Amino acid sequence: MNAIWKFFTSLRLTVACLGFGIILVWIGTVAQADEGLYQAQARYFKQWYVWGVTLWGNRIPILLPGGYLLGVLLIVNLVAAHIKRFEWAWKKVGIHLTHAGVVLMLIGQLFTDQFSQETQMRFSEGETRSYSASGMEYELAFISDLDAKNAEVVAVPAAMLAAGGEIRHEKLPFTIRVKEYWPNSDPSFRAPMNSKDAPLTDKGVAQHFDFKSSPEKHSMDEKNVPTAVLEFVSPAGSLGTWVAPGWAGDEAMVVALRRSYERQAGRETAVKIASQLTEPQVIEANGRKYTFSLRPTRAYKPFSVTLLKTAHDVYPGTEIPKNFSSRVRLENPGAGENREVDIYMNNPLRYEGLTFYQYQMDQDELAANRGTSTLQVVRNPSWLAPYIGCIIVGIGMTWQFLYHLAGFIRKRAAQPLPA
Amino acid sequence: MTSRFSSATALLFSATALFCTSCQKPQIRVYTVPKDPPREPARTAGTEQSAPERVKPKVTWTLPEGWIETPPGEVSVAAFAVKTDAGEAMVNITPLPNLQGNEAMVANMYRQQVGLPPIQQSEITSVLQPVEVAGTEGHLLEINGMNNGKPVRMITAIAHRDGRSWFYRISGDDALVAAQKATFLEFLKTVSVEASSNTENAATAPTAAPGSAGTKPPPGLNAATPAGWTAVAPGQMQVAKFTVPERDGAKAEVSVSVFPSDSGGTLANVNRWRQQLGQPAVDEAGLAALVSPLDPNRPDALLVSLNHEPRAMLGAIVPRASQWWFYKLVGDAPAVSAEREAFIAFAKTNP
């Protein structure tokens, strides 16, 4: 037991953790070139251990501690060492504060990793949103009418589809049977006279579009768009096999696809093709209609945001962006709020634990060049932790410095002056 | 010491437990939201009124046993699915603008889809068999080959009537299509194209050439592919694609696309082509200098000439029977220049 206690309180453990931390950060940074930012984060830092690393395109089979293990060991080591060596004295207050600040930063980062959420709110001028959507995660949403104004949503995370098999839920009067799930997919329009293969299914969007699996992408500027082939089975029998493409439920991808077809076939045809992609797919069970789509995971808010106007300023005489800004109307009937806010670079809106950053800006050329804006919506319950941690560390170090300085001055003053 | 040790152990387990429990498993969420407003129909800028819907010809048939009717696509008037232990197949009935005289082009398009080499127009008679289709005489084209590593078969009956070419096609797994051939041939005899729909078609073909909207096909539809052109696999949204002979290393290719609309009008199309060639957009005044009639007898058929050394492009826009045919010859300027006359003749007469 004493050996374990000694292990967790040893300075060697601290040095080892910091050493492995340096190696891990270095490897994770280099590996981003091959694996992309998100995969590198997930594989090296959001793991307990790492088996095999990728450096300059070469896979090296080594075992390393992951970011979680190093973080937890550092916290335990730091706190255990304090418990073992804790001593109340004014001369130690600075050290205690400094270590407390470091612990707070470590814990804050772990909380950020576990509980923070980044989503996006994309809209055109005049449109209102009461939700933001994930940039990477998708959900299979079944929407059915509750009454004239409200709808009930049953949202199945794409991760459950990826696991395959059958999915049941008490709110759905049918079973979802996953026949195929592709984490990334490519669409192709079934052009007249050129549809050489049978469609994936004879229902819904598959009549107009083919989809096929595509290798997963890892770079920052590429996106994986999943597609699922699903059979819905009610107690009365099969409701058919359908294709749920992430392409149809993701507004940004519909726009990208429409622009791609526009380059090939002109705007009018591209609009027609895109409308066939986004045509709602509906199944009926127990006398109730369910519209379903595979869409970016939505996070609904108790308030709404309306995009009033976008502005894209450039430096005079150039096309170099100077500023992007979005004027929005924030309405929260529950709190009696109704106000206009300007969101622009370095001036985010902080509201209800969320931070709205200006993220992207574009033109909706189908609507007389109406401006569109995308806001990055970040929820990070521990966003203050690093600030408070830094302040505590600063106070601790200042205390420690001043305490020693004061002692030094006292000692110096006590010395007899030379004759 | 023991007390301090216990505290540290508790801390370790707490930290581990925190992470184990906080790694959330994906779960189904149920929530209520206000209904989304109905999606606005997307409109093209400057196009406030949508084009009138194309009237599809009316067709009746007797459904064979085991076939399931499915929704037809944008162009087809009927579609069916067949599924047995032998595999799956699709059946479509599709009327298209008149392709009489271009059976080799159609056959080659199908042959490419199953990995077979193209045939010449002179060979087409040897692969077409007479067949009775909807009360008229048609031709049967049967092709089998491989697709995605599995044997497939495609049987197509082609019948020309009332200025259109009708395609009746069954395609799918080789064994199933072979087994369904007799059923398919019997099905063809039961198909009936309503006479009234032909009148509608003629009435909804506003751009057909004078004299062509009756029972006779327009004149000059028997031209074959120009000498030296080689059919290659068409791209997405193309119905045919050819490479033309190289001229001292200069290359060019021809593509043919058919769309149900004019794709935004002549100016939009010409500017799109100019963009593809790396040229800036022009306005209506600039357009006039780039466009000339393709055919003196067809003022609505246009020829577009673009030159951006060392590349060049010839485009032809030809409205036919409520569809717009787009032809494009693009490549190195010498190759485009050499094929200019052949391209114009091809665009005028095919189909």
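For the numbers below, each heavy atom of this structure counts, side chains included, while hydrogens, waters and symmetry mates do not. Order of the sequence lines fixes the chain letters, A, B, ..., with proteins taken first and strands second; residue numbering starts at 1 for each chain. Just so you know, these numbers come straight off a predicted model, no measurement behind them.
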Open item on the list: Would B/Val33 and A/Arg298 count as a side chain to side chain contact (heavy atoms under 4.5 Å, CB included) here? Give the steps.
Closed with: CA-CA 11 Å; B/Val33 295; A/Arg298 288 186 182 181; over 6 Å; no
Under the criterion side chain to side chain contact (heavy atoms under 4.5 Å, CB included), I'd like the reasoning laid out for B/Ile28 against A/Ile167: C-alpha separation, chi angles, the key distance, then a yes or no.
CA-CA 10 Å; B/Ile28 295 176; A/Ile167 299 167; 3.9 Å; yes
Checking side chain to side chain contact (heavy atoms under 4.5 Å, CB included) for the pair A/Thr297/B/Arg29: CA distance, chi angles, key distance, verdict? CA-CA 11 Å; A/Thr297 302; B/Arg29 296 182 299 150; 3.7 Å; yes
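Using a 4.5 Å cut-off between heavy atoms, A/Leu140 does not touch chain B at all. Proximity to chain B (any heavy atom under 4.5 Å) is restricted, for A/Lys149, to the backbone atoms N, CA, C and O. Residue B/Gln275: no heavy atom, backbone or side chain, is found under 4.5 Å from chain A. Only the backbone of A/Arg168 has a heavy atom closer than 4.5 Å to any heavy atom of chain B.
Applying the side chain to side chain contact (heavy atoms under 4.5 Å, CB included) criterion to B/Lys83, with sequence neighbours excluded, gives B/Glu88. A/Ser293 pairs by the side chain to side chain contact (heavy atoms under 4.5 Å, CB included) definition with A/Arg295, not counting sequence neighbours.
Annotation: A/Glu137, atom CD; neighbour count of heavy atoms from other residues, nucleotides and ligands within 6.0 Å does not exceed 12.
Note: A/Ala155 leads A/Ala158, A/Ala155, A/Ala163 in heavy-atom pairs under 4.5 Å with chain B.
The two residues A/Pro157 and B/Gln27 come nearest to each other via the heavy atoms CG-O, 3.3 Å.
B/Val30 pairs with exactly one of A/Val154, A/Val153, A/Leu172 by the side-chain contact (heavy atoms from CB on, under 4.5 Å) rule, that one being A/Val154.
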